[in-house]
J.: 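Have a look at this one.
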Amino acid sequence: MRLPHRNLSLAFALFAAASTRVSCALAAPAPVAVEITKFAYTPADLVVEPGATVTWTNRDETPHTVTSADGALASPALDTGDHWQRRFDAEGDYVYTCTLHPFMMGTVHVRRH
Amino acid sequence: MKNPDHRSESTDAPPDARRREALRCLAGWTGAAVVWSVVGGVPRAALAGAPPAKDARALRFVQISDTHIGFHKDANPDVVGSLRRATAAINALPQAPAFVVHTGDVSHLSKPEEFGQARELFQDLHVDRVHTVPGEHDALAEGVGGYLKVFDHDGKGRSWYSFDQHGVHFVGLDNVRNFGKGHLASIGAEQLAWLKADLAGVSHSTPVVVLAHIPLWTIYEPWGWGTADSAAALALLRPYGSVTVLNGHVHQVLQKVEGHVTLHTAMSLAYPLPTPGQEGVGEPGPVTVAAGELGKRLGTRAIRIVRGREPVALVDTPLEH
């Protein structure tokens with residue numbers, strides 16, 4: 001599922017690099033970090049480009065999860081200091097919560113600029 | 001859980017220490033403890049001034065909760081030690097309980113070794129069995145799949161069940177999995193249908209005890225301290241003359257009375273949590289208390305029921321008092 005898309009991205013990036021001679025166009029979207037602190041995802045709302053990788057890190061003494069109802073996001077329980085990553089290729093809004101504390105909510109909006 | 005070698009002296013403590021523990025526990029019955037008696041729906045709190053009556057018809061059991069085996073942070077670096085102290089206190093009760101119930105969060109992260117260690121430590125309790133219900137910390141491995149590998153009470157592969165003892169009907173519920181984003185957890189339609197069918201065969205004069213991890217009333221919604229569909233469960237229980245709901249989750253003793261239904265949360269054996277909406281505390285995280293204070297915030301609960309003779313007596317005893 002990801003491979004053809006990645007190849008396309010790579011092809012596009014190579015083309016962009018060749019045509020504009022901007023070397024940084026080869027770089028993947030910058031990694032994005034979400035901190036879990038005081039029972040909240042920070043930032044709770046995140047806008048990223050397709051292909052971005054988001055890393056969640058739990059800074060609380062209590063474990064948390066990153067879980068979406070449709071199963072698209074399904075982290076294990078993250079203990080203090082644990083982190084979990086996911087790459088987002090498809091555009092869309094990914095709403096997630098913590099199965100231990102369902103009042104915690106976050107959304108990753110994957111959009112092309 | 002069957003515990004075939006429950007009479008073995010597996011505690012590490014020497015006899016003198018056990019005797020001291022027994023005396024300390026007796027002090028709990030006669031001194032510092034508060035007895036909550038509920039008569040005709042009106043709770044009465046009184047200092048326990050006399051030892052419990054010796055009534056052979058009484059059913060005695062003990063509630064422990066929120067042991068969080070696997071937790072090792074500052075708020076309690078030794079949760080195993082806390083469970084061992086509770087075990088010693090329970091084993092030293094002047095009248096042995098029929099069994100122990102554990103109302104959820106036996107593990108911290110649902111790891112197989114946490115469930116395994118908890119089961120091993122429960123073997124030290126001098127009771128026939130330990131009845132558990134899952135907490136949300138026990139539902140982190142394939143839902144409650146990991147939990148059920150160790151705590152499948154009736155072999156039916158589900159995390160809810162009922163049983164009868166001494167003319168009292170016990171119901172164990174799982175209210176830690178069905179949740180909507182941003183909402184409280186719930187019991188769910190499947191289990192409510194089961195509860196309705198289960199209660200259909202129970203006469204309204206039978207005392208009912210319900211075990212569930214998350215409180216079956218909304219204590220504080222911003223922290224998820226409530227069950228979305230608890231009203232549906234309580235509606236099924238309302239026709240009964242005596243209903244006692246035993247919950248965990250909030251790591252402190254709180255009560256509510258609704259007609260013939262009384263609901264009680266219990267202390268944890270792991271760490272204290274803030275009081276609901278406590279000023280200056282934005283979230284329900286572990287509270288680290290001053291050295292020497294922890295044992296006063298953790299504890300066990302002894303329950304005594306005599307069928308046809310209210311009240312139900314609950315005695316909450318801190319590990320240190």
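The figures that follow rest on heavy atoms only: side chains count, while hydrogens, waters and symmetry mates do not.
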J.: Within 45 degrees of the axis of the six-membered ring of B:F115 and under 6.0 Å from its centre: does B:R119 put its NZ or CZ there?
T.: no
J.: May I ask you to check whether A:W56 and A:Y96 place their ring centers less than 6.0 Å from one another?
T.: yes
J.: How about A:H64 and A:F39: are their ring centroids closer than 6.0 Å?
T.: yes
J.: Over 60° means perpendicular and under 30° means parallel, so classify the ring planes of A:Y94 and A:F88, tilted if in between.
T.: perpendicular
J.: Check each atom of B:H249 against the heavy atoms of chain A and say whether the ones under 4.5 Å are side chain, backbone, both or neither.
T.: neither
J.: Please flag which part of B:P284 lies under 4.5 Å from any non-hydrogen atom of chain A: side chain, backbone, both or neither.
T.: both
J.: Out of B:H68, B:E283, B:E136, B:H108, return the one with the most heavy atom pairs under 4.5 angstrom to chain A.
T.: B:E283
